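Working notes, structure below.
Here is the naming used below: chain letters follow the sequence lines, and residue numbers restart at 1 for every chain. All values reported here derive from a predicted model rather than from experimental measurement.
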2 protein chains.
Amino acid sequence: MARPRKPLLSRERIVAAALALVDEEGLQAVSTRRLAAELGVSGPSLYNHFRTKDELLDAVADTVVAQVDLSMFEDGTRWADALVRWARSYRAALAAHPHIVPFLAQGPGRRPAGLRLADAVFGGMVNAGWPPGHATRIGAMMRYFVAGSALGSFARGFVDDPTAYDPDDYPHLGQAHLLPEHQQRVDEGAFETGLRALVDGLAIQYERLR
Amino acid sequence: MARPRKPLLSRERIVAAALALVDEEGLQAVSTRRLAAELGVSGPSLYNHFRTKDELLDAVADTVVAQVDLSMFEDGTRWADALVRWARSYRAALAAHPHIVPFLAQGPGRRPAGLRLADAVFGGMVNAGWPPGHATRIGAMMRYFVAGSALGSFARGFVDDPTAYDPDDYPHLGQAHLLPEHQQRVDEGAFETGLRALVDGLAIQYERLR
DNA sequence: ACCTGAACACCGTTCAAGT
DNA sequence: ACCTGAACACCGTTCAAGT
């Protein structure tokens with residue numbers, strides 16, 4: 001076939017196919033050959049659009065982070081409410097694509113959407129009266145919490161098998177085998193509880209600064 | 001060579017070598033052939049001791065989690081102080097081996113040390129008077145925060161290059177290029193700030209239960 | 001510029017063969 | 001039981017060749 005008159009691929013098409021594959025079958029399913037096959041081309045074709053597979057995954061990660069709503073840092077919302085709304089949007093964006101989170105959580109690097117996110121939360125906190133050092137730590141701790149919550153379900157981390165929890169070894173885990181079936185309620189409840197606690201705790205620190 | 005009179009390998013030796021390799025060169029450096037070479041044997045030999053590479057990594061993850069101190073849940077420490085001490089030990093254990101965290105954060109599964117940890121924190125919170133549902137959420141949210149903080153440095157996620165942060169695009173990131181060189185202070189400060197906020201926020205919820 | 005097949009140096013895992 | 005080499009079906013990436 002060689003070069004077609006109209007390109008078969010584009011960065012956008014490749015990223016979309018890669019994200020679909022990550023979501024359906026996990027990060028390890030994304031091989032250059034497999035991804036190329038989904039797109040109807042041969043493996044090396046991808047290297048006309050991305051220099052390495054890592055650069056491709058960077059682009060995938062950035063489209064996920066680009067979904068996070070940042071408007072609350074510029075529309076006059078008070079800082080504590082802004083953090084809550086932002087954290088929910090941030091978690092929703094990441095939890096929709098959990099298999100890319102380990103990759104994405106390595107930091108923004110040079111990814112534009114990651115940097116915009118860091119810029120927005122830092123700027124929002126500074127404008128709300130937090131000293132820069134505190135603003136940095138708030139951005140960091142929120143990323144810890146959100147990335148950790150999207151990285152893997154707490155509830156689904158337990159096996160769905162009562163015999164896995166010997167009462168002699170684990171006296172308090174008698175109900176743990178029920179966690180997987182309540183996955184969404186447990187994980188969202190824990191996220192909301194933690195988010196509430198984090199923001200309440202920050203409010204105490206904010207008062208001390210006055 | 002075939003079978004030696006005394007086994008060349010053991011699960012313990014394999015796990016120790018794998019952990020060293022993960023720490024020095026990252027998870028992707030741990031291939032069966034490479035690991036076997038470090039141990040002076042051929043690749044397939046590992047399959048006499050572990051059924052799959054994943055089972056081997058499970059064992060590596062479990063030795064890391066086994067380092068976490070759980071004594072504060074049984075020595076009469078009050079719940080809030082116990083959570084703080086536990087979280088610090090938990091984070092220290094994971095942050096010492098950051099490359100295994102994405103694997104480990106998928107949940108305890110059937111790993112004994114992971115289950116002991118879940119059992120201890122849940123039992124500790126229930127014994128302190130938290131209702132079981134709250135105790136579950138506390139365990140989950142602490143895992144989110146600790147795993148997220150150990151998964152990747154916040155500070156090192158930024159590139160060490162002033163020109164990477166165009167003021168037109170990122171008006172508040174003028175100092176971001178300095179973050180990597182203060183990595184430890186920034187990350188530990190953010191962890192301590194977040195931990196304080198989480199526990200203070202939980203204390204408010206605890207009061208409401210009375 | 002953008003695709004191809006061939007090639008290189010790797011993977012995880014299975015298996016028959018050796019002691 | 002526990003090691004080996006050979007083999008299978010994969011990897012990421014490079015590169016010369018094609019239009």
| field | Test: A:Glu192 and A:Arg196 ion pair at under 4.0 Å | value | no
| When you check the side-chain N and O atoms of B:Ser71 and B:Asp69, is any donor under 3.5 Å from an acceptor? | yes
| A:Asp81/A:Arg85 salt bridge by N-O under 4.0 Å criterion | no
| message | Partner lookup for D:dA1, please. Criteria are Watson-Crick or G-U wobble with both distances under 3.5 angstrom; report none if nothing qualifies. | response | C:dT19
| Are any of the side-chain nitrogens in B:Arg110 or A:Asp161 under 4.0 Å away from the carboxylate oxygens of its partner? | yes
| message | Would B:Arg91 pass as a cation-pi partner of B:Phe191, given that its NZ or CZ must be under 6.0 Å from the six-membered ring centre and within 45 degrees of the axis? | response | yes
| Considering every strand shown, what is the Watson-Crick or G-U wobble mate of C:dC11 when both distances are under 3.5 Å? | none
Which atom pairs, one a donor and one an acceptor, fall under 3.5 Å between side chains of residues 10-24 of chain A and the rest of the protein, sequence neighbours left out?
residue	atom	partner	partner atom	Å
A:Ser10	OG	A:Arg13	N	3.1
A:Arg11	NH1	A:His49	O	3.0
A:Arg13	NH1	A:Leu8	O	2.6
A:Asp23	OD1	A:His97	ND1	3.0
A:Asp23	OD2	A:His97	ND1	2.7

| task | Give the rounded distance in Å between these two atoms: CZ of B:Arg13 and P of D:dC2. | result | 14 Å
| Rounding to a whole Å, what distance do you find between B:Arg11:CZ and D:dA1:C1'? | 15 Å
| Between A:Tyr47 (OH) and C:dC3 (C1'), how many Å, whole number? | 15 Å
| Atom pair distance, as rounded to whole Å: CG in B:Leu46 and C1' in C:dC11 | 13 Å
| Selection: residues 26-43 of chain A, any non-hydrogen atom under 4.0 Å of DNA chain C | A:Arg33, A:Val41, A:Ser42
| task | Name the orientation class of the two ring planes belonging to A:Tyr165 and A:His177 (parallel below 30°, tilted from 30 to 60°, perpendicular beyond 60°). | result | tilted
| query | So which of residues 48-56 of chain B are in contact with DNA chain D, with a heavy-atom cut-off of under 4.0 Å? | reply | B:Asn48, B:His49
| said: Checking A:Thr77 against A:Asp75 for the side-chain hydrogen bond (donor to acceptor under 3.5 Å, both in side chains) test, could you report, in this order, the C-alpha distance in whole Å, the side-chain angles of both residues, the deciding distance, and whether it holds? | reply: CA-CA 6 Å; A:Thr77 305; A:Asp75 66 2; 2.5 Å; yes
| message | Distance check needed: C:dG12 P versus B:Ile14 CD1, whole Å only. | response | 14 Å
